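Just so it is clear, the structure is predicted and the values come from calculations on it, not from any experiment.
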Amino acid sequence: MSTPHLRVLVANEREDRIALVTTLVTGLGHRVIAGSTDVGAVGALTAHELPDVALVGLGTSSAHALELIERIVQEAECPVIAVLEGRDAAFVDEAAKRGVFAYIVDSTPEELQSALDITLHRFSEYHNLQGAFGRRSQTERAKGILMERHQIDEQHAFEMLRDQSRRTGRKLIDIAGSILESHPLLPVTNPAGAVVRDGRTAQTP
């Protein structure tokens, strides 16, 4: 099922290509919120307009197109798609290094819509996966802090997180986040049994 009413940013060095892509996009029922040829302005334009997807075309200069992609990727929370008049493996490779999410070659409106649907779906899956990896990393770091602080193994550290989650009714990831935020303020016990505070060592009672 097609994604309805996307807000699309179109960027290209060539005005005629912006006009062509704009016609295709609006013909599919989407809204072009901005068109830009200016590398210097496209980053701020992206941050202000918050597009659902950005279509960046290869004009007369590949360097110009690559810089457009780089600026948009830095500001956007949306996929950036390179729109090419013909296949260009070298450009696609360089664009990928700068964060472009997909590329399409000039095609019919139906093929463009299909490319948009697939790209947005994959972009969503990518962000969900990133979130999963981020949550796993956060939990692992919290376990490491507990292991060091209490001189326990990984299993016991996980059980501490799980038990605290059950007692408080909070998600385990939230418990892990709280530990990460507060651990720089906690005293650390060294193997000799001394407590270290503010870089100074004091014997425990």
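- Taking the side chain to side chain donor-acceptor pair (under 3.5 Å) definition, one finds that E154 meets it with K143, sequence neighbours left out.
- With sequence neighbours left out, the salt bridge (Lys or Arg N to Asp or Glu O under 4.0 Å) criterion links K97 to D93, E94.
- Annotation: side chain of R170 is in contact with side chain of S178 (closest heavy-atom distance under 4.5 Å).
- Screening residues 76-111 for ring-ring contact (aromatic ring centres under 6.0 Å, His included) gives F101-F123, F101-Y126 as the qualifying pairs, with residues at least two apart or on separate chains.
- Screening residues 37-67 for ring-ring contact (aromatic ring centres under 6.0 Å, His included), with sequence neighbours left out, gives no hits.
- Within the 4.5 Å cutoff, the side chain of L6 has heavy atoms near those of the L120 side chain.
- With a 4.5 Å cut-off on side-chain heavy atoms, V53 and I81 count as touching.
- The salt bridge (Lys or Arg N to Asp or Glu O under 4.0 Å) test applied to E111 returns no partner, not counting sequence neighbours.
- Here I118 sits alone; no ILVMFWY side chain lies under 4.5 Å from its own, so it joins no hydrophobic cluster.
- When the ring pair (Phe, Tyr, Trp, His ring centres under 6.0 Å) test is applied to F158, no partner is found at least two apart in sequence or on another chain.
- Across all their heavy atoms, L45 and S36 have their closest contact at CD2-CB, 3.8 Å.
- Checking E13 against T37 by side-chain atom types alone, no donor-acceptor pair falls below 3.5 Å.
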Would you please test V105 and R87 for side chain to side chain contact (heavy atoms under 4.5 Å, CB included) and show each step?
CA-CA 7 Å; V105 179; R87 299 193 180 278; 4.1 Å; yes
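- By the side-chain contact (heavy atoms from CB on, under 4.5 Å) test, T26 pairs with T22, V32, sequence neighbours left out.
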Between Q113 and L116, is a side chain to side chain contact (heavy atoms under 4.5 Å, CB included) present by the stated rule, with each step listed?
CA-CA 5 Å; Q113 182 61 62; L116 289 171; 4.3 Å; yes
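- A 4.5 Å side-chain heavy-atom check between L146 and I179 finds at least one atom pair inside the cut-off.
- D153 places none of its side-chain heavy atoms less than 4.5 Å from the side chain of M147.
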With side chain to side chain contact (heavy atoms under 4.5 Å, CB included) as the test, would you mind laying out the steps for I173 and Q138 before giving the verdict?
CA-CA 7 Å; I173 187 63; Q138 201 167 2; 3.4 Å; yes
Report the C-alpha separation of I104 and L84 in whole Å, then their side-chain angles, then the decisive distance to 0.1 Å, and conclude whether the side chain to side chain contact (heavy atoms under 4.5 Å, CB included) test is met.
CA-CA 6 Å; I104 55 177; L84 310 179; over 6 Å; no
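- L9 approaches A34 most closely through the heavy-atom pair CD1-O, 3.5 Å.
- Contact annotation: the side chain of R141 approaches that of S137 to within less than 4.5 Å [non-hydrogen atoms, C-beta and beyond].
- When the side chain to side chain donor-acceptor pair (under 3.5 Å) test is applied to R14, the partners found at least two apart in sequence or on another chain are D16, E85.
- Under the rule for a side chain to side chain donor-acceptor pair (under 3.5 Å), E75 has no partner lying at least two apart in sequence or in another chain.
- Interatomic distance, I175 CD1 to Q164 CD, rounded to the nearest 0.5 Å: 5.0 Å.
- For R162, the CZ atom counts as densely surrounded, since its 6.0 Å shell holds more than 12 non-hydrogen atoms of other residues, nucleotides or ligands.
- Residue pairs meeting the salt bridge (Lys or Arg N to Asp or Glu O under 4.0 Å) criterion with at least one member in residues 39-60, sequence neighbours excluded: R7-E49.
- Between V56 and V100, every side-chain heavy-atom pair lies at or beyond the 4.5 Å cut-off.
- Residues that satisfy the side-chain contact (heavy atoms from CB on, under 4.5 Å) test with H121, not counting sequence neighbours, are E125.
- In this structure the side chain of L112 reaches within 4.5 angstrom of the side chain of L28, judged on heavy atoms.
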